[in-house]
Protein chains: 2
Amino acid sequence: MAAPSADAERQRDKDRTRADILDVATREFADKGYTGARVDEIAERTSTTKRMIYYYFGGKEQLYIAVLERAYLAIRALEAELDVEHLEPEDAIRRLAELTFDHHEAHPDFIRLVSIENIHRAEHIARSEVLAGLANPALDCLTQILERGRAAGRFRTDVDPLDVHIAISSFCVFRLANRHTFAAIFGRDMLDPARREHYRRMLGDMLIDYLTS
Amino acid sequence: MAAPSADAERQRDKDRTRADILDVATREFADKGYTGARVDEIAERTSTTKRMIYYYFGGKEQLYIAVLERAYLAIRALEAELDVEHLEPEDAIRRLAELTFDHHEAHPDFIRLVSIENIHRAEHIARSEVLAGLANPALDCLTQILERGRAAGRFRTDVDPLDVHIAISSFCVFRLANRHTFAAIFGRDMLDPARREHYRRMLGDMLIDYLTS
DNA sequence: TCCGATGTACGATCTAGTTAGTTAACACAA
DNA sequence: TTGTGTTAACTAACTAGATCGTACATCGGA
């Protein structure tokens with residue numbers, strides 16, 4: 001192995017610091033919202049100082065956008081790995097729905113960021129060059145599955161991929177995004193592990209019942 | 001008509017002022033979130049002063065809780081009017097789903113308040129004596145419909161009313177709560193009037209397909 | 001005179017962002 | 001090798017403005 005150049009080493013240090021800041025910032029923004037989040041607070045929990053956050057990112061808003069970008073890129077990367085070509089259309093739909101179900105459950109911070117961003121009318125996403133034109137692998141995948149199901153005469157012909165995506169997302173997102181008011185009002189924790197499998201199957205059943213009706 | 005007593009008149013004035021403040025506060029909180037909302041801003045748009053907001057409500061948090069209480073009571077009142085006893089179970093389900101669909105669409109501020117409250121982990125709802133133990137007419141109604149459908153052998157027997165409520169709410173809430181990020185990423189406005197009927201029917205179809213499968 | 005209702009102005013605190021300066025690594029000429 | 005200038009990386013302390021809440025005075029009806 002060649003000895004790392006000093007430049008490369010410095011670059012890695014920088015990247016580490018940036019990633020460290022983004023980790024802490026993600027938690028803070030997801031926790032308190034954009035307005036509620038405090039730059040001082042983020043700085044304190046980082047291995048660096050507030051001045052450096054401004055040095056690296058420019059300001060609170062750019063930091064927040066960087067947090068959003070990283071979070072979206074992560075789920076897109078996951079979706080890109082989806083391989084359902086070999087599955088029957090019904091199973092492929094279930095697989096896709098379960099991927100969303102599992103990802104959202106495993107990344108509550110991401111869901112919170114999305115909620116927060118919606119409160120702000122997606123103005124920061126709109127301002128992000130990275131996110132504005134981000135391809136959507138899951139949607140292409142969904143389109144293919146529906147096409148196969150239709151071709152086999154098993155799926156109804158009047159469904160739009162984006163609408164199926166809405167059906168999947170709404171269920172998976174609601175379970176996380178609204179769990180607190182739901183629990184406060186109905187006394188049920190939608191994230192109760194004991195009901196997890198029930199909800200996972202219910203989502204798949206609903207989709208298949210609808211698509212094959 | 002008896003001449004109104006001076007006391008009664010003063011009471012009405014007070015109520016009007018309170019309602020005025022709540023109207024403005026609802027818009028401000030729904031618009032900017034709890035942390036982003038400004039008491040000065042609310043006061044400015046009211047027919048009264050900041051001093052009076054504190055006099056009437058006590059503080060920013062209590063005002064916010066009062067806003068939440070009024071919003072929740074309104075939808076509960078609407079649900080209580082629901083009369084689906086005379087409908088076939090399938091139609092009753094559709095009717096109930098459409099009530100939620102229509103209400104949410106007509107009250108985007110309510111949906112935004114719910115999102116905001118979830119970001120705050122429902123801590124204010126928990127602190128409200130009014131909302132803590134609020135009965136839920138729609139859920140009772142839903143329970144009865146499912147019971148009738150089961151008794152008639154038309155609905156599957158393993159469905160929980162609260163789960164059906166989740167299915168309905170998730171779709172209706174997502175359409176409003178996530179419309180901005182959705183539009184930013186997929187370029188589709190889920191509130192486009194041209195697609196409204198499509199979504200309304202799709203929700204009903206999904207529910208019936210699932211319940212009767 | 002009493003007391004609830006209301007107006008005005010202020011203060012204590014918080015917070016995003018900046019100013020002014022330091023440190024450290026490096027390039028290069030003497 | 002050493003001195004010197006340059007630049008990126010970094011620090012600590014500060015500021016300007018915002019924001020919730022209040023102290024204090026006043027008004028008006030009973």
Side-chain angles (χ1 to χ4, degrees), chain A residues 3-22 24-68 116 120 123-124 127, chain B residues 3-22 24-68 116 120 123-124 127:
Chain A
S5 81
D7 272 359
E9 206 169 324
R10 257 199 309 280
Q11 187 59 41
R12 263 204 310 284
D13 275 357
K14 246 174 103 163
D15 289 349
R16 249 199 305 273
T17 305
R18 278 182 71 97
D20 178 27
I21 294 172
L22 284 174
V24 175
T26 298
R27 254 172 281 140
E28 174 78 3
F29 282 122
D31 195 41
K32 315 251 186 72
Y34 177 70
T35 318
R38 299 291 165 238
V39 179
D40 287 291
E41 192 77 14
I42 293 170
E44 223 167 68
R45 297 187 197 173
T46 313
S47 59
T48 181
T49 64
K50 182 164 71 149
R51 185 65 187 79
M52 288 316 292
I53 293 176
Y54 281 84
Y55 187 71
Y56 278 125
F57 294 94
K60 185 182 183 179
E61 184 175 8
Q62 286 116 303
L63 174 60
Y64 174 69
I65 290 173
V67 164
L68 276 182
I116 289 161
H120 291 275
E123 57 174 299
H124 307 100
R127 214 164 296 165
Chain B
S5 78
D7 271 0
E9 205 168 325
R10 257 199 307 279
Q11 186 59 42
R12 263 203 312 283
D13 275 356
K14 244 173 101 163
D15 288 349
R16 249 198 307 271
T17 305
R18 279 182 69 97
D20 178 28
I21 294 172
L22 283 175
V24 176
T26 298
R27 254 172 283 140
E28 174 79 2
F29 282 122
D31 196 41
K32 316 253 187 73
Y34 176 70
T35 318
R38 299 290 164 240
V39 179
D40 288 289
E41 191 78 11
I42 294 169
E44 224 168 65
R45 296 187 197 171
T46 314
S47 59
T48 182
T49 63
K50 184 166 68 154
R51 179 71 186 74
M52 291 313 294
I53 292 176
Y54 280 84
Y55 188 70
Y56 279 126
F57 293 94
K60 185 181 184 180
E61 185 174 10
Q62 285 116 305
L63 175 59
Y64 174 69
I65 289 173
V67 163
L68 275 182
I116 290 161
H120 291 276
E123 58 175 298
H124 306 100
R127 214 165 295 166

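Treat the numbers as computed from the prediction; the structure is a model and nothing was measured. The chains referred to below are lettered A, B, ... by the order of the sequence lines, with proteins before strands, and numbering in each begins at 1.
- Here dC20(D) presents its C1' atom at 12 Å from CZ of F29(B), a figure rounded to the nearest Å.
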Treat primed atoms plus P, OP1 and OP2 as sugar-phosphate and everything else as base, then score nucleotides 6-17 of chain C 5' to 3': B for base contact with protein heavy atoms under 4.0 Å, S for sugar-phosphate contact only, - for none.
BBB------SBB

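- One atom, CZ of F57(A), and another, P of dC10(D), lie 13 Å apart when rounded to the nearest Å.
- Taking atom NZ of residue K32(B) and atom C1' of nucleotide dT19(D), one finds them 13 Å apart after rounding to whole Å.
- The CD1-P distance, from I53(B) to dA5(C), rounds to 16 Å in whole Å.
- Within the structure, the salt bridge (Lys or Arg N to Asp or Glu O under 4.0 Å) test picks out the following pairs touching residues 24-38 of chain A (sequence neighbours left out): E28(A)-K32(A), D31(A)-R121(B).
- Judged by distance alone, the side chain of D20(A) and the main-chain N or O of S47(A) form a donor-acceptor pair under 3.5 Å.
- The minimum heavy-atom distance linking I42(A) with I21(A) is given by the pair CG2-O, 4.5 Å.
- Residues I116(A) and A30(A) share a closest heavy-atom pair of CD1-O, 3.8 Å.
- Within the structure, the side chain to side chain donor-acceptor pair (under 3.5 Å) test picks out the following pairs touching residues 51-67 of chain A (sequence neighbours left out): E61(A)-R127(A), Y64(A)-E117(A).
- Remark: E41(B) pairs with R45(B) by the salt bridge (Lys or Arg N to Asp or Glu O under 4.0 Å) rule, at least two apart or across chains.
- The distance between atom CD1 of I21(A) and atom P of dA9(D), rounded to the nearest whole Å, is 13 Å.
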